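Here is the structure we will look at, set down as structure tokens.
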Amino acid sequence: MYSPPIARLIEEFEKMPGVGRKSAVRMAFYIMSLSEGQAKNFADAILDMKKSIHLCELCQDFTDSARCPICSNPKRDSSVICVVETPKDVTAMEKTREFNGLYHVLHGVMSPIDGLGPDDIKIKELTERVVKYNVQEVIMALSPRAEGDTTALYIAKLLAPFNVRVTRIARGIPIGGDLDYVDEVTLAKALEGRQNIL
Ligand code: ZN
């Protein structure tokens, strides 16, 4: 129906989260309406971002320097680490303004159905941090799905030999919901009501 170059661009847009066929077609036609210079700016923005953004050496969040602004802020409490699934969840937690520790982004949760085990997410990096930086508490703030619970329990057992408190934020977050869909007050309360996992 569309010539191959247009179809290819539509396909690329369709891979984006939340973008259906209709929106993908609309975006492709928008790009076609641009001048060559404008289209190049768009393409360069994507490539520049990919070249300059990498994972923070401590928390594994996306950053353009060795350490992200949160990890390099001396006012943050480095004895507490809040473990989240995605970089989006860091933003959600930051909005509560209730957490002054550091984060650790797992980039997913363990999910046997999807073939994702402990080595496929950033668990090793977390245990290394806990040991190396004398961390006192690890707060699991994973979404309340079975995979999140399994991952939290796995990490709690892994950290059991070390002198660290492992907690989980309280329920009250809708089952199956993502942290960034929860309002700040609910999330702040869940953080306040956290409990030991083991
Ligand atoms: Zn960081």
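Not measured: the values here are computed from a predicted model. Numbers here simply count residues along the sequence, with the first being 1. One-based numbering, in listed order, for ligands and for the atoms of each. All heavy atoms count here, side chains included; hydrogens, waters and symmetry mates do not.
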Please name all residues satisfying salt bridge (Lys or Arg N to Asp or Glu O under 4.0 Å) with Glu192, sequence neighbours left out, ordered by chain then number. none
Would you call Arg76 and Glu94 a salt bridge, using N to O less than 4.0 angstrom?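 Yes, charged N to carboxylate O under 4.0 Å.
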Before accepting this row, confirm whether a basic side-chain N of the pair Glu11/Arg8 lies closer than 4.0 Å to the acidic partner's carboxylate O.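 Salt bridge flag = no for Arg8 with Glu11.
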Sequence neighbours left out, what passes ring-ring contact (aromatic ring centres under 6.0 Å, His included) with Phe62? Give chain and number order.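 Phe62 satisfies ring-ring contact (aromatic ring centres under 6.0 Å, His included) with His107 once adjacent residues are dropped.
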Would you say Cys82 and His104 make side-chain contact, with heavy atoms under 4.5 Å?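 Answer no - side chains too far apart.
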Considering only residues two or more places apart or on different chains, which pairs with a residue in residues 72-94 satisfy ring-ring contact (aromatic ring centres under 6.0 Å, His included)? none
Tell me how many protein N, O or S atoms are within a distance shorter than 2.8 Å of the Zn ion (ligand 1).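 Count of protein N, O, S atoms less than 2.8 Å from the Zn ion (ligand 1): 4.
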